[in-house]
A.B. asks: 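Just dropping this structure here.
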Amino acid sequence: MSEAAINDFVIKLANVNGTGSASANGLLMKAIFRMGVPVVGKNVFPSNIQGLPTWYEIRVTEKGYRGRSGDVHFIVAMNAETYERDLAELSPGGVLLYDNTWPRPHFLTRPDIQVLGVPFARLCNDAFKAARSRILMKNMAYVGTVAALLNLDLDVIHQLVREMFSTKPKLIDLNLQAIALGYDYAKEHFDCPLPFSVQSRDNTAGKVMIDGNTAAGLGCVYAGATFGAWYPITPSTSLMDAFAKYCDQLRVDVDTDLHKYCIIQAEDELAAAGMIIGAAWNGARSFTPTSGPGISLMSEFIGFAYYAEIPMVLFDIQRVGPSTGMPTRTQQCDIQLCAYASHGDTRHLLLFPADPGECFEMAVQAHDLAERFQTPVFVLSDIDIGMNDWMVDELTWDDSYQPDRGKLLSTEELEKIEKFHRYLDVDGDHIPYRTLPGTHPKGAYFTRGSGHNKFGGYTEDGQAYKEVVDRLRAKWHSAASKVPAPVISPSKKKACCGIISVGSCDGAVLEARDRLEAEGLHLDYMRIRGFPFSDEVEQFVADHDEIFVVEQNRDAQLMGLLLLETDVPREKLIPILHYSGEPLDYQFVYSALQEAARVRKIA
């Protein structure tokens, strides 16, 4: 547990879903970011539309750590139903702010915290006439109070309000009035600022705040995708929303108003998968965003794309399963589902982004890999990355980029060859040439998911079948050097043990490792970014006596993949598993590693 300090604390806002609090909470985070101080925002929200508890956590971290800390130093308790739980979460020495408009006969407090009451409801009832405005403006009133208590720059907040309501100018004055109500009350009744507060810095230059789904949608536009099909499912829908928004900005001919893209909301996930396969077979870069239940439904078409060797890009924004599970909570529970999706012997390419910046980059890489290897490629994000705002480096683009269409024969090339065989390994690299419909009569072939030989003809001959599927496995293995390489961070001193992790675990793992290193426990760290595993993964495993595998699921799926796909002995791997559905915090990783090191006498 860490003590709050200047530019180093956590504020948690407890609200009721559907009351308009998201805008207010996001406003606070963006204000701190614009003051030049790094922030981390995590939203925990229910799967219903209105009425259940929701929390928004803002970590102010001058050092720029990107994971949750596990502490809460300041709670804005606006939901009476969760007051007792919110009170219990508060760290010693923390501050609890609540609406004291109505007396509470069984008011709970603690001797080791400070409780501040502000009559938000009364202030707004007196100032605003419309019932809905009174509810919404309560949120902006607590923004004002928090601004006073934490020394936030009012000019920055006012500018954000003007930007937020630029298309609804009548709302600007109402919101500024509500902010002033809370701010003035705090200044009059409390000692402001608190001992922990925000001081302006210049630590966010060159950074942006963006969520992973938005970044991935933009990445698909830059990758050259022109077709998307999906069935709405939490938490992936906003990825297609972002793709549609950016296509509307960048893919519409200004002279003819011709839309150079197509987006279809399918009747279900299976239909969406079939549509993107059809589009890719015709030469369009296409994709579908979904989550675990959608991958389950798409599995038959995924196997078809694998066996018929048709490019396919899927974004799996992982959520808690099994079945419906908890649709608005995060996990990394689809790793093995995606690695071997569909019946029969199938193996797929997986990309693991750790933040929205990598979602943008890997969206492009996924389309290139799908066409180069003529196979399904999965980008495994999760709710934490996909739907939360992250501070990342400004997105950049190389204007010289050319899409990797793979071994695609042109009209001229087809004219020069005697005969085209779709599944023949001409070059010895396990990847056959492909054609697009209408290119040339020589390029025509029958696409089939049934048994076929290397010439593309139907077969039930066992040896001919084996020749094709063995080549598919060799092709998959050859992709190990082409998927994103792992990120390896050596410790400051020689280490006999290491950590392996993936995706959104990265921020918590890096911080836990930093703190352990400061205490004399040195561990090397590797973050896996692609599957099949590269030689670097094999070497890292071989170089260490023991490996701690940190992941967010119950069944150690990443560790299982390492056991299946490398020669690592089972006794070398120690799982560290977090699967409550909340984003991983560094204290969980720190405590688990510290205890494991104590038991194993690692120094």
Side-chain angles (χ1 to χ4, degrees), residues 212-230 236 239-240 242-247 250-251 260-264 272-290 295 298 301-302 304-306 308-317 338 341 348-353 356-381 385-386 395-408 431 433-436 475-476 478-485 529-532:
N213 284 355
T214 297
L218 181 61
C220 287
V221 174
Y222 274 78
T226 55
F227 181 80
W230 96 114
S236 67
L239 197 159
M240 190 59 83
F243 180 71
K245 180 181 76 172
Y246 291 120
C247 280
L250 302 170
R251 289 272 170 78
K260 299 179 180 179
Y261 65 96
C262 177
I263 298 172
I264 297 178
M275 289 175 183
I276 67 165
I277 289 172
W281 182 78
N282 275 283
R285 285 199 156 185
S286 58
F287 72 97
T288 185
T290 188
I295 299 295
M298 294 177 183
F301 266 140
I302 293 168
F304 172 73
Y306 172 82
E309 299 184 68
I310 301 172
M312 188 182 192
V313 175
L314 306 100
F315 290 85
D316 180 0
I317 317 303
C338 293
H348 307 300
L349 276 59
L350 310 183
L351 309 184
F352 302 103
E358 288 194 338
C359 286
F360 175 78
E361 295 166 2
M362 290 186 183
V364 180
Q365 293 169 328
H367 284 281
D368 282 346
L369 288 165
E371 292 207 287
R372 171 180 285 202
F373 290 97
Q374 304 168 29
T375 197
V377 177
F378 294 81
V379 182
L380 271 73
S381 178
I385 298 172
L395 305 182
T396 58
W397 183 251
D398 181 358
D399 287 330
S400 67
Y401 165 78
Q402 292 294 321
D404 183 351
R405 304 305 305 270
K407 299 170 77 168
L408 182 61
I431 304 172
Y433 285 88
R434 66 186 178 111
T435 60
L436 298 180
K475 181 179 74 169
W476 175 83
S478 73
S481 62
K482 302 301 180 184
V483 298
R529 300 200 303 156
F531 177 77

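One-based numbering along the sequence shown. Values below: all heavy atoms of this structure, side chains included; hydrogens, waters and symmetry mates excluded.
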A.B. asks: Can you name the side-chain hydrogen bond (donor to acceptor under 3.5 Å, both in side chains) partners of K407, sequence neighbours left out?
C.D. replies: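 Testing K407 for side-chain hydrogen bond (donor to acceptor under 3.5 Å, both in side chains), a comparison that skips the adjacent residues, returns D427, D429.
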A.B. asks: Sequence neighbours left out, what passes side-chain hydrogen bond (donor to acceptor under 3.5 Å, both in side chains) with T396? Give chain and number order.
C.D. replies: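 For T396, no residue satisfies side-chain hydrogen bond (donor to acceptor under 3.5 Å, both in side chains) once neighbours in sequence are set aside.
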A.B. asks: With sequence neighbours left out, write down each residue that passes side-chain contact (heavy atoms from CB on, under 4.5 Å) with A216, or none if nothing qualifies.
C.D. replies: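 Partners of A216 by the side-chain contact (heavy atoms from CB on, under 4.5 Å) criterion, ordered by chain and then number, come out as L239, F315, C359.
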A.B. asks: Under the rule for ring pair (Phe, Tyr, Trp, His ring centres under 6.0 Å), what residues qualify as partners of F531, not counting sequence neighbours?
C.D. replies: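 By the ring pair (Phe, Tyr, Trp, His ring centres under 6.0 Å) rule, F531 matches W476, F533.
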A.B. asks: Who are the salt bridge (Lys or Arg N to Asp or Glu O under 4.0 Å) partners of R372, not counting sequence neighbours?
C.D. replies: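 Only D404 meet the salt bridge (Lys or Arg N to Asp or Glu O under 4.0 Å) criterion with R372.
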A.B. asks: With sequence neighbours left out, write down each residue that passes side-chain contact (heavy atoms from CB on, under 4.5 Å) with I264, or none if nothing qualifies.
C.D. replies: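 Per chain and number, I264 pairs via side-chain contact (heavy atoms from CB on, under 4.5 Å) with F227, C262, M275.
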A.B. asks: For the side chain of T288 and the backbone of A229, is there at least one donor-acceptor N/O pair under 3.5 Å apart?
C.D. replies: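 Yes; at least one donor-acceptor contact below 3.5 Å.
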A.B. asks: State which residues pass ring pair (Phe, Tyr, Trp, His ring centres under 6.0 Å) with H367; sequence neighbours excluded, sorted by chain then number.
C.D. replies: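 Testing H367 for ring pair (Phe, Tyr, Trp, His ring centres under 6.0 Å), a comparison that skips the adjacent residues, returns none.
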A.B. asks: Under the rule for ring pair (Phe, Tyr, Trp, His ring centres under 6.0 Å), what residues qualify as partners of F301, not counting sequence neighbours?
C.D. replies: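 Expected list: none.
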A.B. asks: My understanding is that only residues two or more places apart in sequence, or in another chain, count here; which of them pass side-chain contact (heavy atoms from CB on, under 4.5 Å) with A479?
C.D. replies: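 side-chain contact (heavy atoms from CB on, under 4.5 Å) list for A479, sorted by chain: L349, F373, P532.
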A.B. asks: As an exercise, state the distance from OG1 of T375 to OH of Y306, rounded to the nearest 0.5 Å.
C.D. replies: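 Answer for the OG1-OH pair, T375 versus Y306, is 6.5 Å.
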A.B. asks: Assess, by modelled atom type and distance only, whether the side chains of Y222 and D398 contain a donor and an acceptor separated by less than 3.5 Å.
C.D. replies: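 Checked: Y222/D398 side chains show no N/O donor-acceptor pair below 3.5 Å.
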A.B. asks: Under the side-chain hydrogen bond (donor to acceptor under 3.5 Å, both in side chains) rule, collect the residues that match up with E361, sequence neighbours excluded.
C.D. replies: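 In terms of side-chain hydrogen bond (donor to acceptor under 3.5 Å, both in side chains), with neighbours along the sequence ignored, E361 is linked to no residue.
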A.B. asks: With sequence neighbours left out, write down each residue that passes side-chain hydrogen bond (donor to acceptor under 3.5 Å, both in side chains) with R529, or none if nothing qualifies.
C.D. replies: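 For R529, the residues satisfying side-chain hydrogen bond (donor to acceptor under 3.5 Å, both in side chains) (neighbours in sequence not counted) are E358.
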A.B. asks: Report the residues that fulfil ring pair (Phe, Tyr, Trp, His ring centres under 6.0 Å) with F352, sequence neighbours left out, ordered by chain and then residue number.
C.D. replies: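 F352: no ring pair (Phe, Tyr, Trp, His ring centres under 6.0 Å) contacts found.
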